[in-house]
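Here's the structure, in C-alpha cells; my notes come after.
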Amino acid sequence: MAAELPNSTIADALEELGDLYELDGAIVHRVLAYRTAARSVRESPVSVAALARAGKATQIAGIGATLQEKILALAETGVIPAAEKLRAKFPPGLIAITRLPGLGPKRARLLHSELGIEDIEQLRAAALAQKLRDVRGLGPKFEANVLLALQDGAPASSAPRVLLPKAIELGQALIVGLRESAPRDAQLELAGSARRLADSVKDIDIIATTAEPEALSGLVADLEQIESVSSSGPAGARARTHSGISVDLRIALPAQHGNLLQHFTGSGRHNAALREGAVRRGLHVSEYGVLNDADGISRTCAEEREVYELLGLAWIEPELREDRGELEAAVLSDPSGAGLPELISQQDIRGDLHSHTIASDGRNTIGEMAKAARELGYEYLAITDHSASHGFGNDVSPEELRRQIERVKEANSAIEGIELLAGSEVNILPDGSLDYEDELLAQLDWVVASVHTSFGMAEQAMTERMITAIEHPLVDAIGHPTGRMIVRREPYAVDLEAVFAAAARTGTLLEINANPDRRDLSDVNARAAVRAGVRIVIDSDAHRIATLANMRWGIATARRAWLRKEDVANTLPWAKLRKQRKRGRGKR
DNA sequence: GCCGTTTTCGGCCCGACTGTTTTCAGTCG
C-alpha cells in the first residue's frame, strides 16, 4: 500500500484555498464551506485521499463532488489548479495580514489594491507614513489600531493557548475573586471550551446572572489577575490577564440563565448548527431567548435543558458540543433511535493500569502510591515503571525488575483494600521489539508498551513498529499511542487506521493517557478507535501521588470521544479484566 | 461550496462592537 497524502496536508490545502477565495471576494458561505471541509478532513479517521480515489470522499460531511475532485487533483498531481491561479493573484503575505486583529480579508484586499501592500512589513511602513488614513473607508483610528496590533508583538495567530487544568484553575480563581465583592444575588459559572473540557483553551468565558449587572461588571478591573479591561457595561466585560489570556464575562437576568449558558458554552460550530436546525423549524436561537416565528414570542429559559427542549432535542453533555453528530443524535423523535451515548464517568473507573514509582522516574514508593490509589476508591493499581532502556538514568534493568516484582508482591500482601499488579511500561524499540525478554514479561501482571524514542521515523516504518508491538502476545496495552503533546508537539507520523485494525484484531488495548499535556489518544482518535472495534484503557500515568488524580482529564477526553463505560477496560474488576488479557485468551 | 420536513435551486445562525459612515460594512466570538 503506497503511503497516501496525509489528511492534515489536504486539510491545510483546503484552508489555504478558503483563505485565498476569501481574499478574492467569494461569498462567505463558500469560504465557510472550505473551512468546514478542512476540519472534516483533519478529523477523518480514514485516509481522505484514498476515499477520493474510490469516489467515496463525498460521504464525509461538507465534501461534495467539487471538493472531491480538488482533493483528487492534489493527491495525484500535488497541486490544486484553482489555488495555483489565486496564489499568482495574491502575495502570500496578505494572508498573514488578514490574521491581524481588526483586519480581515476585505481590508487586506483593499490595502493590496489601493496601496500595493503585500506583507506585514509593508503594512507597518504604510501605517507609519500615515498612508492608511487616505484610503476610502479607513481612517486615522484604523491606522492607529494597525500600529497597535503590529506593536503588540504576538501576531494574533499565536495567541497563547492554555492547557485545560490551568484554564479551569484561572477561571475558578477569577470567579472566586468576583464573588468576594459581587452583589448578593450573583451566580457565576465557567462556560466556553473550559466547560466542554477541551484539550486547551484560548479564552476564559464566565457567565453570571444578577439584578445588578453594572456592579458586577465593574469588579473585573479590580481582580489581581487582570491587566486591562477593554470594554465594560451592563452586558458584561471583556478583559485580559497578565498572562495574556482574554477573559469574557457576560451577564444576564436569572430568567435567561439557560440561554446564556447554552450560548456561551458553545462551541461556535455546535451553536451554528443548532441554530440552522432551529431555523428549519421556524425558531431563532440567541443568548437572549428562543424566538418562535409562529407566534412572534421569544421564550427565555432559566435552565439550559429548556433551550434544547424547545428545539425538540435531548440535553447534550457539554463535552459533546462540537458539531460531530451530537445534534442528530439528540433529536427526540429520531426514528433511528441512535440517541446520545451514556457517557463514562469517573465513578466507573475501578483501577489505574499505568503508574510510576521511585524505581524509575516516579517520586513515591509502591506503598505510598498504593495507599493514594486506595483513597481514590480504586480496586487495583498497576505499578508500571519504565524499562531497561529508558535513557534518563533511571532504567530498570531485568534484575531490578525481578526485584521490583517481589517488592510489588510484598506491598500487595501488606496492604488491604486494593490489589497491586506488577507491571512495566516497556519501550517499543525502533524495530518494534521490546526491551525485556519474553520470559521476564511473562512474569508481569500487566504490560504497557510505549514509544519513547525515534519519533521522527517515516510513517510506514513507525506503523510497522507499532503493529509489531501490538502483535506481541504479552503486550496488554499501548501507552500514549500517538506521542502528541498538546500545544507543544505534533503526533508522530503513523497510520492510525492500520494501528486500530491491528489492535482490534489482537485484542490489544489502546490507552487514553490522562496526563493533561498528552490526552493521547485524543478525543477524535479515541472515538475512531472504538468505532474500529478497539477497547480503550484510561490511565493516569502518575509519577507521584498527586497525579493519580489526572485520571479526570482522561475521563474528559473519553467523554469527548463519546465513550461509554463498556468501551473502557478498566471499568471492569481486575478478576474479569485479567481473564480478558490477550495471554488469557484461549486458556480455560 | 454544500445541501434537502423549502430536494437540484436558493437558501445557508445571531448579535455586539468599531469606525467610518448619514445607514452600514467589516470583524469578532
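Worth saying up front: this structure is predicted, and the values here are computed from it rather than measured.
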Interatomic distance at C1', B:dT20 relative to B:dC14, whole Å: 23 Å
Separation of atom CG in A:Leu32 from atom C1' in B:dG1, rounded to whole Å: 10 Å
Test log, rule side chain to side chain contact (heavy atoms under 4.5 Å, CB included), inputs A:Asp248 and A:Phe264: CA-CA 10 Å; A:Asp248 251 333; A:Phe264 235 38; 4.0 Å; yes
Distance, C1' atom - from B:dG15 to B:dC9, rounded to whole angstrom: 29 Å
NZ/NE/NH1/NH2 to OD/OE distance under 4.0 Å, A:Arg559 and A:Asp523: no
Salt-bridge criterion met for A:Arg269 and A:Asp323 (N-O under 4.0 Å): no
B:dC9 - base-pair partner by Watson-Crick or wobble geometry, distances under 3.5 Å: B:dG4
Rounded distance (Å) that lies between atom P of B:dC12 and atom CG of A:Asn271: 18 Å
B:dG26 and B:dT21, which share atom name C1', separated by this distance in whole Å: 12 Å
Pairing of A:Asp24 and A:Arg30 as salt bridge, 4.0 angstrom limit: no
Sugar-phosphate, base or nothing in reach of A:Gly64, heavy atoms under 4.0 Å: sugar-phosphate
A:Leu332 CG - B:dT5 P separation (whole Å): 18 Å
Separation of atom NE2 in A:His263 from atom C1' in B:dG29, rounded to whole Å: 7 Å
Exercise: identify the closest heavy-atom pair between A:Ile10 and A:Leu74: CA-CD2, 3.9 Å
A:Ile71 CD1 - B:dG1 P separation (whole Å): 12 Å
Protein proximity profile, nucleotides 16-27 of chain B - base contact B, sugar-phosphate-only contact S, no contact -, cut-off 4.0 Å on heavy atoms: S--SSS----SS
Euclidean distance, atom CG of residue A:Asp323 to atom P of B:dC2 [Å, nearest integer]: 17 Å
Touch class at under 4.0 angstrom, heavy-atom based, for A:Val31 against every strand present: nothing
Closest-nucleotide ordering on DNA chain B, the 5'-leading residue of A:Asp203 and A:Ala272: A:Ala272
A:Ile27, nearest nucleotide to its side chain (from B:dC12, B:dC2, B:dG29): B:dC12
Sequence neighbours excluded - side-chain hydrogen bond (donor to acceptor under 3.5 Å, both in side chains) pairs with any residue from residues 253-266 of chain A: A:Glu189-A:His257, A:Arg195-A:Thr265, A:Gln262-A:Asn271, A:Gln262-A:Tyr308, A:His263-A:Arg275
A:Thr36 side-chain N/O to B:dG1 phosphate OP1/OP2 under 4.0 Å: no
Spacing of the P atoms in B:dC3 and B:dC13 (rounded, Å): 15 Å
C1' gap between B:dA16 and B:dG10, integer Å: 29 Å
Any side-chain heavy-atom pair of A:His112 and A:Ile97 under 4.5 Å: no
Residue mapping more 5' on DNA chain B - nearest nucleotide basis, A:Arg280 or A:Ala61: A:Ala61
Whole-angstrom distance between B:dC12 and B:dT6, as gauged at atom C1': 12 Å
Gap in Å between the two C1' atoms, one belonging to B:dT5 and one to B:dG1, rounded: 24 Å
Atom-pair distance (CG on A:Leu327; P on B:dC13), nearest Å: 14 Å
Under-4.0 Å side-chain N/O to phosphate OP1/OP2 contact, A:His29 with B:dC2: no
Name of the residue among A:Ile204, A:Ile206, A:Leu249 meeting side-chain contact (heavy atoms from CB on, under 4.5 Å) with A:Ile175: A:Ile206
A:Arg305 and A:Glu309 ion-paired at < 4.0 Å: no
Gap between atoms CG and C1', on A:Leu274 and B:dC12 respectively (whole Å): 15 Å
Selected nucleotide, minimal atom distance to A:Glu276 side chain, candidates B:dG1, B:dC12, B:dG15: B:dC12
